[in-house]
Each structure stands twice: as structure tokens, then as C-alpha cells.
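Predicted model, so just to flag it, every value in this text is computed and none were measured. Atoms considered below: every heavy atom in the structure, side chains included; atoms not considered: hydrogens, waters and symmetry mates.
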Amino acid sequence: GEDVEQSLFLSVREGDSSVINCTYTDSSSTYLYWYKQEPGAGLQLLTYIFSNMDMKQDQRLTVLLNKKDKHLSLRIADTQTGDSAIYFCAERRNAGNMLTFGGGTRLMVKP
Amino acid sequence: NAGVTQTPKFQVLKTGQSMTLQCAQDMNHNSMYWYRQDPGMGLRLIYYSASEGTTDKGEVPNGYNVSRLNKREFSLRLESAAPSQTSVYFCASTGRGGYNSPLHFGNGTRLTVT
């Protein structure tokens, strides 16, 4: 559903930082996730953040959460060509064990 | 471990034909899900099974049925395929780890209905 929104496309040069943004509407969201989908494959969990946190860092990945604005971002430092993929944000709400996904952002990394 | 296995990987159907998409997981997960992926629309939940013996509708259940055959297997059936069901279908599962238990996805079934 469109409760979670992302821009469709991002292009960066190898070695630059990438920032992928996501907005969501449900204030009861508990966990927020970033998934990566490579061509012809399913989605793989990259990282997640609990809603009472505002930042989480995991190697080259930094997740920022602005709960007031319902805005989530994923920063990839030193972006590599292998990072080219579609990135999905997803939210899990208090109501159940299901995720609501955004439409995905296609990241293209140019050498 | 194979994780989540979906069959077939590709399928072409004619309008009105029926088929069943198969999904199996070997991680002893309780919950299983069927999503469809359409360009620019992300993943939309079709049906899910919170535990063996239960199934519930998701966001877009019309035109589909599911069966949770046992803890491992969760199938999706299209009784009378329509071109609007052309999509990539993903099965996923998750364990009992609470809210931080991630979804594990299969590699998808690419279905074309002509």
C-alpha cells in the first residue's frame, strides 16, 4: 500500500554516499526495515531500527529515523557497484506481524 | 539450509487457466506470507498464515486462495487467472522472534497471464 513512500530512482557515482529516503504515515509503527533486492532475487534484510531510536549504524550503513516527521533514511557510505539494487523500506505496526512496504528505490551506481 | 523455496520460477498462463504456486521453508518458522510485486508499487500482501492451521487475507486477496498444508508449506492458488495477475510472486516466512524477526524471502515466481 501507499502508506509508505519512496522515490523511484537514485543514481550516484562509485565512492560517493547514497541517501535513500522513505516516509510513512502510521504513528504506531514499531520497527522500520530496509531490504535490498538484487535482480532476479527475493528481498534480503539489510538493517532495521526500533521506533524509539533515532540512529543506527552498521558498517557502511546508517539509518536515521525522524519519528516526528515520520521520515526514515538509509545512507550508504563509499557506495560500490555491488550496491546497485532496489531498496525497500518497510514498517511493522503494533497491530500485527505484517510488514507494509514502500514502492522501492532503484539505486544505480556508476563507475 | 535452503531457506524459502518457491516453485515454479517462471510460468505463463492463458486467461482462465488455474495453477498453484508452491512454497516451502525449512527454518521451522511459524508465519508464512504471499506477496505480489508490481513495478513502482512495492510488495503487497495477498494472504498470510500466522501459524499452522490459520490463514488470513492481506491487502489484495481477490482472485487467490491459499492453503497452509503443514508448518513447512504454504501454497497460493489462482483458480481462474486474469491478465491483472501478471506479477512476480514472493513467498516469505518469519519465526517467533518478535518484532525484530526478519522476513526471509524466496526468489520469486514470475507469472505472465496472456
message = Less than 4.0 angstrom from a charged side-chain N to a carboxylate O is my criterion; do Asp38(B) and Arg36(B) meet it?
response = yes
task = Counting only heavy atoms closer than 4.5 Å, note whether Gln37(B) contacts chain A via side chain, backbone, both or neither.
result = side chain
Heavy-atom proximity to chain B below 4.5 Å, by part of Gln37(A) = side chain
query = Using non-hydrogen atoms only, which part of Leu8(A) is less than 4.5 Å away from chain B: side chain, backbone, both, or neither?
reply = side chain
Regarding [X] and [Y], do their side chains bring together a donor and an acceptor under 3.5 Å, going by distance alone?
{"X": "Ser18(B)", "Y": "Arg77(B)", "value": "yes"}
{"X": "Gln22(B)", "Y": "Thr7(B)", "value": "no"}
{"X": "Asp83(A)", "Y": "Gln80(A)", "value": "no"}

request  = Under 4.5 Å, heavy atom to heavy atom: which of residues 48-56 of chain B reach chain A? Give them by number, or say none.
outcome  = Tyr48(B)
note = Within residues 107-114 of chain B, the residues sitting under 4.5 Å from chain A by heavy atom, in sequence order, are Asn107(B), Arg110(B)
message = On a heavy-atom basis, which atom in Lys71(B) and which in Met32(B) lie closest, and how many Å separate them?
response = O-SD, 3.7 Å
ask   = Relative to the ring of Phe74(B), is the ring of Trp34(B) parallel (under 30°), tilted (30 to 60°) or perpendicular (over 60°)?
value = tilted
task = Describe, in one word, how the ring planes of Tyr48(A) and Tyr33(A) are oriented to each other, choosing from parallel (under 30°), tilted (30 to 60°) and perpendicular (over 60°).
result = tilted
task = Could you tell me if the ring centre of Tyr31(A) sits under 6.0 Å from that of Phe50(A)?
result = yes
inquiry  = Distance check, rounded to the nearest 0.5 Å: Tyr87(A) atom OH versus Trp34(A) atom CH2?
reply    = 10.5 Å
key: From CG (Leu46(A)) to CG (Asp58(A)), nearest 0.5 Å   = 9.0 Å
query = Is there a donor-acceptor pair closer than 3.5 Å between any side-chain N or O of Gln85(B) and the backbone N or O of Gly63(B)?
reply = yes
